Amino acid sequence: MAMETKTVEELATGEAYKYGFVTDIEMERAPKGLSEDTVRFISAKKEEPDWLLEWRLRAFRMWKTMAEPTWAKVTYPPIDYQDAYYFAAPKTKEGPKSLDEVDPELLATYEKLGIPLQEQEMLAGVAVDAVFDSVSVATTYKKKLEEMGIVFCAMSEAVQKYPDLVRQYLGSVVPYSDNFFATLNSAVFSDGTFVFVPKGVRCPMELSTYFRINAAQTGQFERTLIVAEAGSYVSYLEGCTAPMRDENQLHAAVVELVTLDDAEIKYSTVQNWYPGDAEGKGGIYNFVTKRGACRGRNSKILWTQVETGSAITWKYPSCILQGEGSVGEFYSVAITNNRQQADTGTKMIHIGKGTSSRIIAKGISAGRADSTYRGLVRIQPKAEGARNYTQCDSLLIGDQCGAHTVPYIESRNPTANVEHEATTSKISEDQLFYCLQRGLSEEEAVSLIVNGFCREVLQTLPMEFAVEAQKLVGISLEGSVG
Amino acid sequence: MALLEIQDLHVEVAGKEILRGISLDVEAGKVHAIMGPNGSGKSTLSHVLAGRSGYDVTGGSVRYDGSDLLQMNADERARKGVFLAFQYPVEIPGVTTTTFLRQALNAGRRERGEPELDAMEFVKVIRRKTKELGITDDLLKRPVNVGFSGGEKKRNEILQMAILEPRLAVLDETDSGLDIDALKVVSDGINAQRSDDRGVLLITHYQRLLDYVVPDRVHVLAQGCIVKSGGKELALELEKSGYAEFLDAAAA
Ligand SMILES: Nc1ncnc2c1ncn2[C@@H]1O[C@H](COP(=O)(O)OP(=O)(O)O)[C@@H](O)[C@H]1O
Ligand SMILES: [Mg+2]
């Protein structure tokens, strides 16, 4: 019985965004604005090797020649990239060695967010790497993982400890020249997570990163790299929150995944960045590039995303299916309420023989929000017998919101089989009344119906997070009926 | 004071008067049957009692357990013990019947100040109820009403009633579309739930159900009016003569 829709206390109290608090902590920042000096500042702060600084600088120089993409169905005022900070970190002399050295204020913040790190060190199940603004503050469970040869640490730490691995894979899936936001990230990324699972090892616990934007006027540019060697398996989850602020904040992350022969990575996201207020003031611009390369035979990458927050979401977690028989899956729930906008989907690039992919996308729009599914399925000439199944379902709540489906299908191999199904529906008055008649409040009813609509996606989440995600579904639709 | 007191109730839908002055008392412990031809306003009455939007009450009153029922929202009525078994139960894809019912039961428990039941405790309630009713619990694992046969949907409504233990149950054509075996299961389920503190309003088009669930009173509804009330024999009378004479009476 994985799927239980809990009665949500938050609903009763009408608390719309409960992660909107600010932690008062002394911060160290790079000077405002973006220049080669900023890039050098960040790199120096991290004591990076020359090759990485060079890489960043190449990215920065390239970025200056690039234009922001405009093809997504989202609108926002121009972003002044000079009017922001690109590095902010809680002030400490050195990076924390263990939990004891982490600022108690920070630990308290994470506790408020529902991730007590200390407890998690003891409770079996989840290992958490927590990124606060730009630096990774604590990684739990490290020891146990190390014994198995699994690396799970902050990117900045990985650069120091495992430079060869990082150098081999960083930018190998999302090159620094990839797109405007990814290129910006390559120049100024501040931290993130690195995971390496060696040959034949099954990671025995969920690995999890918790991202939080705390500082004002600060962009967050984390970079995640996960490498699963032959025959290995890892499940990874990221969660995100940010304080409520009137200005918009930029989040431009890059995630790269690599699977070798028979390896599998399951990557789940529960994104609950601050969405802005009901009138569309404030909120996070979530412009993210996520891509996985199934390099090995029969390898597999599975993306699950539950996107409930952010003022604007622009992301397309993708799979490059190179290895023969490799598999890519994408399960998505995107909820937009009030003035939120989401343009999200996936790309499945079939290169190898017998590759297959599956896309299940559920879009929910309420209020005056706009939600677009944009997906590409490309079958390359050599992808003999490739298969794709895509299903896009949109659910509308009220009559002022919009839902759009933009599938691109490019098949260059006649033996390929591509199927696409799409539906659009409304929460029916009959369904609502049926729930009310059984005693559910209107908000509980909407939450239940929407959770049912998303079930196929939510049940791909690890159990602990599925419950959390279900609550979020309800909370993010508050005030959408009646 | 009766559990449910309907007085001179007038209801319009989209500007058209559908219920034209209905008066009816349902006492706790009693089963009242309402019989009437299609379009006579049976479902309208059940929806108005349950608080569905889209119906304009233009006159009269409804009191439930001493309070003004019409002042309450649909969900509040449900939590206070008003249950409607739907003529056309609604599908909720992706939501298992167990989840749905547990949430419904807990909503009522919260209202009454009782502690909520967790998944394990709820399973026990289900076991007990299915045993009492002689109904299997196979439907509970499936999404609410999705892909259920007509008979399964009606059976599920009765099971929901058993778990929610309402004080007033309005059963809207729970017998329609059932074959004789299914009818038997459903009526046994209803009979098992007759009790001294529960009132039942049994709405039906056919006399057949009343062979199995024997009512205390029978009312004939025609064109939005109760044209005749009587004991259980009235149902048999109707069976022989049909609704025609009542339609004439209502039109007069
Ligand atoms: N939403 C509606 N709009 C207009 N007329 C309606 C609506 N619902 C019911 N009616 C009319 O009200 C009358 C009674 O319907 P109903 O209560 O469903 O009858 P019954 O359940 O006895 O068959 C019918 O004439 C029907 O057409
Ligand atoms: Mg009817």
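As the structure is a prediction and not an experimental result, all values here were calculated from the model. Protein chains get the first letters and strands the later ones, always in sequence-line order, with residue 1 at the start of each.
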Legend entry - When H47(B), E157(B), K80(B) are compared by non-hydrogen pairs under 4.5 Å with chain A, the top option: E157(B)

Legend entry - Residue, of A107(B), A50(B), P89(B), that accumulates the most heavy atom pairs under 4.5 Å with chain A: A50(B)

Inset, instruction - Heavy atoms only, distances under 4.5 angstrom: which of A104(B), S53(B), P166(B), G51(B) has the most pairs with chain A? Name it, please. - result: A104(B)

Legend entry - Donor-acceptor pair, side chain of E5(B) and main chain of A2(B), under 3.5 angstrom: yes

Legend entry - E456(A) versus chain B, the contacting section by heavy-atom distance below 4.5 Å: neither

Inset, instruction - Can you see which heavy atom on S43(B) is nearest to which on Q87(B), and at what distance? - result: OG-OE1, 2.8 Å

Legend entry - Pi-cation contact, F453(A) with K362(A) (under 6.0 Å, within 45°): yes

Inset, instruction - Name the region of C454(A), side chain, backbone, both or neither, that has any atom closer than 4.5 Å to a heavy atom of chain B. - result: neither

Legend entry - Structural part of N145(B) lying under 4.5 Å from a heavy atom of chain A: side chain

Inset, instruction - Count the heavy-atom pairs under 4.5 Å between each of V90(B), V82(B), N73(B) and chain A, then report the option with the highest count. - result: V90(B)

Inset, instruction - Please look at R52(B) and chain A and tell me whether the side chain, the backbone, both or neither of the residue comes under 4.5 angstrom of a heavy atom of that chain. - result: both

Legend entry - Portion of L164(B) that has a non-hydrogen atom of chain A nearer than 4.5 angstrom: side chain

Legend entry - Six-ring centre of Y434(A), R438(A) cation under 6.0 angstrom, axis tolerance 45°: yes

Legend entry - Side chains of E27(B) and H32(B), donor plus acceptor under 3.5 Å: yes

Inset, instruction - Indicate whether the side chain of T204(B) and that of E173(B) have a donor and an acceptor atom separated by less than 3.5 Å. - result: no

Legend entry - Most chain A-contacting option - heavy-atom pairs closer than 4.5 Å, from R79(B), E76(B), R77(B): R79(B)

Legend entry - T313(A) side chain to T344(A) side chain, donor-acceptor N/O pair below 3.5 angstrom: no

Legend entry - Y373(A) and H404(A): side chain donor to acceptor below 3.5 Å: no

Legend entry - Contact origin within Q160(B) toward chain A - heavy atom pairs under 4.5 Å: side chain

